[in-house]
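What follows is one structure encoded as structure tokens, with my remarks underneath.
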2 protein chains.
Amino acid sequence: MRILLVGAGGVGAAFAAIAARRDFFETIVVADYDPARAEKAAAQDGRYVAAQIDASSADAVAALCREHGITHVMNAVDPVFDMPVFDGAFAAGADYLDMAMSLSQPHPTTPYEKPGVKLGDEQFALADRWEAAGRLALVGMGVEPGLSDVFARYAADHLFREIDELGTRDGANLVVTDDDGNEIFAPSFSMWTTIEECLNPPVVWQDGDWHTTPPFSEPEVFDFPEGIGPVECVNVEHEEVLLMPRWIDCRRATFKYGLGDEFINILKVLHTLGLDSTEKVRVKGVEVSPRDVVAAVLPDPATVGPRMQGKTCAGVWVTGTGQDGAERSTYLYHVVDNEWTMQEYGHQCVVWQTAINPVVALELLARGTWKGAGVLGPEAFDAVPFLDLLTEYGSPWGIKEL
Amino acid sequence: MRILLVGAGGVGAAFAAIAARRDFFETIVVADYDPARAEKAAAQDGRYVAAQIDASSADAVAALCREHGITHVMNAVDPVFDMPVFDGAFAAGADYLDMAMSLSQPHPTTPYEKPGVKLGDEQFALADRWEAAGRLALVGMGVEPGLSDVFARYAADHLFREIDELGTRDGANLVVTDDDGNEIFAPSFSMWTTIEECLNPPVVWQDGDWHTTPPFSEPEVFDFPEGIGPVECVNVEHEEVLLMPRWIDCRRATFKYGLGDEFINILKVLHTLGLDSTEKVRVKGVEVSPRDVVAAVLPDPATVGPRMQGKTCAGVWVTGTGQDGAERSTYLYHVVDNEWTMQEYGHQCVVWQTAINPVVALELLARGTWKGAGVLGPEAFDAVPFLDLLTEYGSPWGIKEL
């Protein structure tokens, strides 16, 4: 297996650090728009090679694949570049993995009722081509989407006879402090992407179809395990809602993000002022996108790890009828402590938790345990070997009846 | 009287419209960095001449004064340019008026306890020079500061034997709607200046000295007259607190701004994220100041008038011992209805209310009713002729016992 890692930002660098401890691949070409970032991530392992790449160009992705005889393209750049990397991999005859899906477009007239272009639509539209060519595009293979979808598949295969709701629930008790120990506002994930997913109309799968709602709908306090505790969660547009119902029977699929009151308020204010906009505005002779400015004034999520404390939890709350015929309500989850990831890997827990899952998936593909062709989600594969290998990596998962 | 109006933005354009109905001056040179803006404001009156100016250059201000034989410079640009316009007027031997004062700098180590450089300090430092030259700089001569200071002087001369607190209180019930009639967030005054004054440490005069507090301190619900009703007010850095105690005996001087919950929340979020910062950040190859971006995404305050409804109120709540020796608590105020200013002048009420006061002051100076030398605030002059002339202009003031 010869991997092209596109993107050496927070998640890409953590991916490289995790993969460096495994022996299932021959080489990883670490490519980034910023050569210094690629060099830094590539320096840690003799099997790694650094390269420069423009991820907005499918031709550039294909050319780099051909130059290095790449078998698998691992997309770790901003989802805005999903399609060129996806297309470039296909053009070069490589398999493909990402941790998100192609972006959505709101419905032109009723954005808060009906979906427009859905997350992943552009990729699924090309599924036949991938299948006919015998190539695999494994989409949404991070932690959420990714591990959450594996949990859903596990619940469907081993815990439930009939599923009412697959409710992905994401929460954390992370706190970032400044040099004086004062708590500061510093998102642990790309602010650009967080705004994108939180202010897009949330999508819900219900009784055989997808619909949308206004942002921050259906607030709910979810009690997260392992000391994180109760966090206010709201509906957010997320890939699981589009993926899970394609392979798993369920009446309802939701994604609720434990943003907490403060973060929800901040996002609402940004939206009220129009600072979430990606359209450029003219400011004293230069043109900038307000959302890029918001991202630029905040600390880089890749650098906050040493000043962060707490745990992050990803999981799926499954309700329905258990294997024994009784009502069941179960949360399958994965908790990561920032102290542990910083000490073990030197990467903060949120990017680390995202990055470990595609490494596990690639190892299963290398072994032939997972195989397939077409555009597939993680729930299209057997969950058990994935969860076993994740545990073998030293990062076990949990299960809790609610 | 030959006036140079520096700045043809919202307030400058309203000044030109109000002055056009008066005959106390010979000419007004309307100058702006943007020649089109100057032309537009100058077009309405045969006594007006348009000019281009860079208000950051004292030399440019002085040169334009000399070119046109200017006797009075009316500063209507952003307070960041206060000093070059002030210095340029002095250099050219002209008198000077502004509607703010030179900017403050927070105390380097205890910004929320002690003032650093206070509002107006740079101007008052040059008072001797102005006085020696027999020239007048009338600073803070808008509505707040300005009319509020006139009210304070009136209360001291005619209503109170002893003053406990001079509490400027500013509130409104203005609402801006979009084309579909939905309420939108659109400040009626420069967002840049609003951030500046609201996030700077508020200053309070107490028992013979100035001190500062954290932003948004001492919240209080003040019940504004003429149907505006109760609005949450908080301490904000403002010129009155620096001006009034210099000429009027009082135990305490405060300025509280009726920002309302929503606006306070927005300002807090901007501050939390660092979007209030004026230091440039690098964003995808260009450099911008985050605060300029915030101002750029919001509707231009000069254009929201037609979509705005409601009234704005400026006034001073005076407490102490009345002329009869009894405790007294009186609010002296000036309310303007946006519908009226739009219909009568085509300018929204907040900028109109700011602009009318320097026109009144200039007319009193032209008549010789007001005269003086040095750097003086509005409370250095007799309040009665000012309030009478304001009423003559068609915009009466009110008084209410609390």
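The analysis underlying the following values was restricted to heavy atoms, covering all of them including side chains, and did not include hydrogens, waters or symmetry mates. Quick caveat, the model's predicted, so the values are computed rather than measured.
- Put simply, of B/Leu298, B/Leu275, B/Val281, the one with the most heavy-atom pairs under 4.5 Å next to chain A is B/Leu275.
- Heavy-atom minimum distance, A/Ala41 versus A/Val30: CB-CG1, 3.9 Å.
- By the 4.5 Å heavy-atom criterion applied to side chains, A/Phe222 and A/Val231 are not counted as neighbours.
- In this structure, chain A has a heavy atom under 4.5 Å from the side chain of B/Leu270, while its backbone stays farther away.
- With a 4.5 Å cut-off on non-hydrogen atoms, A/Val297 touches chain B through its backbone and its side chain both.
- For a residue to count as touching a neighbouring chain, one of its non-hydrogen atoms must lie under 4.5 Å from one of that chain's; by this rule B/Val293 touches chain A with backbone and side chain alike.
- The side-chain heavy atoms of A/Leu259 and A/Cys198, taken from C-beta on, include a pair separated by under 4.5 Å.
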Pairs of donor and acceptor atoms under 3.5 Å between chain B and chain A, please, with atom names and distances.
{"unit_1": "B/Asn265", "atom_1": "OD1", "unit_2": "A/Asn265", "atom_2": "ND2", "d": "2.7"}
{"unit_1": "B/Asn265", "atom_1": "ND2", "unit_2": "A/Asn265", "atom_2": "OD1", "d": "2.7"}

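- With a threshold of 4.5 angstrom between heavy atoms, B/Val288 approaches chain A through side-chain atoms but not through N, CA, C or O.
- Residues A/Val176 and A/Phe185 fail the side-chain proximity criterion, which asks for heavy atoms closer than 4.5 Å.
- Taking the side chain as every heavy atom from C-beta outward, B/Val234 and B/Pro219 approach each other to under 4.5 Å.
- The shortest distance between side-chain heavy atoms of A/Cys349 and A/Leu174 falls below 4.5 Å.
- In this structure, B/Leu199 and B/Phe216 have side chains that are in contact, with non-hydrogen atoms separated by less than 4.5 Å.
- Of all heavy-atom pairs spanning B/Gly7 and B/Ala76, the tightest one is O-CB, 3.8 Å.
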